[in-house]
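Per chain, numbering begins at 1; letters A, B, ... match sequence-line order.
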Amino acid sequence: MKIDAAKKALCNASDTKRGREIQRIIRGEIAQKCAVKYADCDLVAGCDVSYRRDGISKAAVVVYSRIKKKFVEEVTAEVATEFPYIPTFLSFREAPALLVAFEKLKSKPQVFIFDGQGLAHPHHAGLATHMGVVLEKPSVGCAKSHLYGIYEEPPNVKGAYTFIKEKDGELLGVCLRTKVFVKPLFLSIGWGVDISFIMDAVWETLTRYRIPDVMRRADKLSKDRPLNWREND
DNA sequence: GCGACAG
DNA sequence: ATCTTGTCGC
């Protein structure tokens with residue numbers, strides 16, 4: 001799929017100062033209303049990135065067809081890791097590899113799920129929101145731990161959830177118990193979607209594990225090593 | 001000043 | 001995220 005050049009430029013920051021400026025721009029592009037209904041979507045993409053000590057970042061994107069009830073495409077991309085991991089600046093570390101992978105996609109997913117926050121970010125510019133704006137596609141944040149927002153621990157029952165809110169009460173996402181006796185997930189609104197949308201998108205491929213299958217697949221694929229892989233370089 | 005801090 | 005050994009359980 002093609003990606004707008006101007007939008008791609010919002011994925012690179014020389015430093016955190018510039019990164020914060022970009023996040024302010026991203027925040028300004030957040031849609032006020034849900035433009036698409038999950039029920040009308042077919043292709044859902046799960047996106048993840050792994051990092052190796054040799055300085056390579058590997059992005060993986062898997063596409064699930066709701067109509068066919070199966071995965072229909074997988075792509076990966078490796079690029080040099082340029083940005084360090086700094087809390088609240090995750091986008092600049094993961095986006096470069098993800099963009100290369102997205103451009104390899106033959107299909108056109110209508111929904112993108114990321115391994116991080118969306119609006120549940122101090123500047124409402126988490127990875128999912130950031131990429132949603134860049135791709136101009138509905139996006140969902142699916143994080144394994146908390147970063148920002150006020151919430152309470154949901155009851156120990158599968159499906160139980162609580163809301164994650166901004167200090168002023170604005171809804172950012174939900175803390176969802178996907179499995180009993182296991183830490184809950186932190187879902188948050190990315191771009192162009194609402195609370196029910198992100199709940200449906202994650203629930204769609206949730207089985208016996210804590211993480212939805214679409215994200216587990218992307219995670220595994222991003223960590224796959226070539227067959228002729230060898231220890232010492 | 002102190003604690004928190006996606007992956 | 002990555003690294004890393006053993007261990008518990010179906």
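- When the nucleotides dA1(C), dG7(B), dC3(C) are ranked by their closest atom to the side chain of Arg53(A), dC3(C) comes out on top.
- Ion pairing of Asp219(A) with Lys223(A) is present here, as a side-chain N (NZ or NE/NH1/NH2) and a carboxylate O approach within less than 4.0 Å.
- One atom, NE2 of His123(A), and another, C1' of dC5(B), lie 13 Å apart when rounded to the nearest Å.
- Candidate nucleotides dA1(C), dG7(B), dC5(B) were compared by shortest atom distance to the side chain of Leu147(A), and dC5(B) ranks first.
- In this structure, Arg93(A) is positioned above the aromatic face of Tyr51(A), its NZ or CZ under 6.0 Å from the six-membered ring centre and within 45° of the axis.
- Atom-to-atom, OH of Tyr151(A) to P of dA6(B) comes out at 12 Å; the value is rounded to the nearest Å.
- The interatomic distance linking Met131(A) (CE) with dA6(B) (P) rounds to 19 Å, in whole Å.
- Here Ser145(A) reaches the OP1 or OP2 of dG7(B): one of its side-chain N or O atoms lies under 4.0 Å away.
- When rounded to the nearest whole Å, the span between CD1 of Ile211(A) and C1' of dG7(B) equals 13 Å.
- Between Glu29(A) and Lys7(A) there is no salt bridge, since no side-chain N of the basic residue sits under 4.0 Å from a carboxylate O of the acidic one.
- Tyr148(A) has its OH atom 20 Å from the C1' atom of dG7(B), to the nearest Å.
- Taking atom NZ of Lys144(A) as the reference point, atom P of dC5(B) lies 15 Å away to the nearest angstrom.
- Rounded to whole Å, atom C1' of dA4(B) lies 14 Å from atom CD1 of Ile150(A).
- Atom CG in Leu187(A) sits roughly 13 Å away from atom C1' in dA6(B) (whole-Å rounding).
- Here the nucleotide nearest the side chain of Gln117(A), chosen from dG7(B), dA6(B), dT2(C), is dA6(B).
- Note on ring orientation: taking the six-membered ring where Trp is involved, the planes of Tyr38(A) and Phe197(A) are perpendicular (angle over 60°, cut-offs 30° and 60°).
- Checked against the 6.0 Å centroid criterion, the rings of Tyr85(A) and Phe83(A) do not qualify as a close aromatic pair.
- In this structure, Tyr85(A) packs face-to-face on the six-membered ring of dG7(B), meeting both the 5.5 Å centre cutoff and the 30° plane limit.
- Heavy atoms of Phe89(A) sit under 4.0 angstrom from at least one base atom.
- Residue Lys58(A) places none of its side-chain N or O atoms closer than 4.0 Å to OP1 or OP2 of dA1(C).
- Within the 4.0 angstrom heavy-atom criterion, only backbone atoms of the sugar-phosphate kind lie near His146(A); the bases stay farther away.
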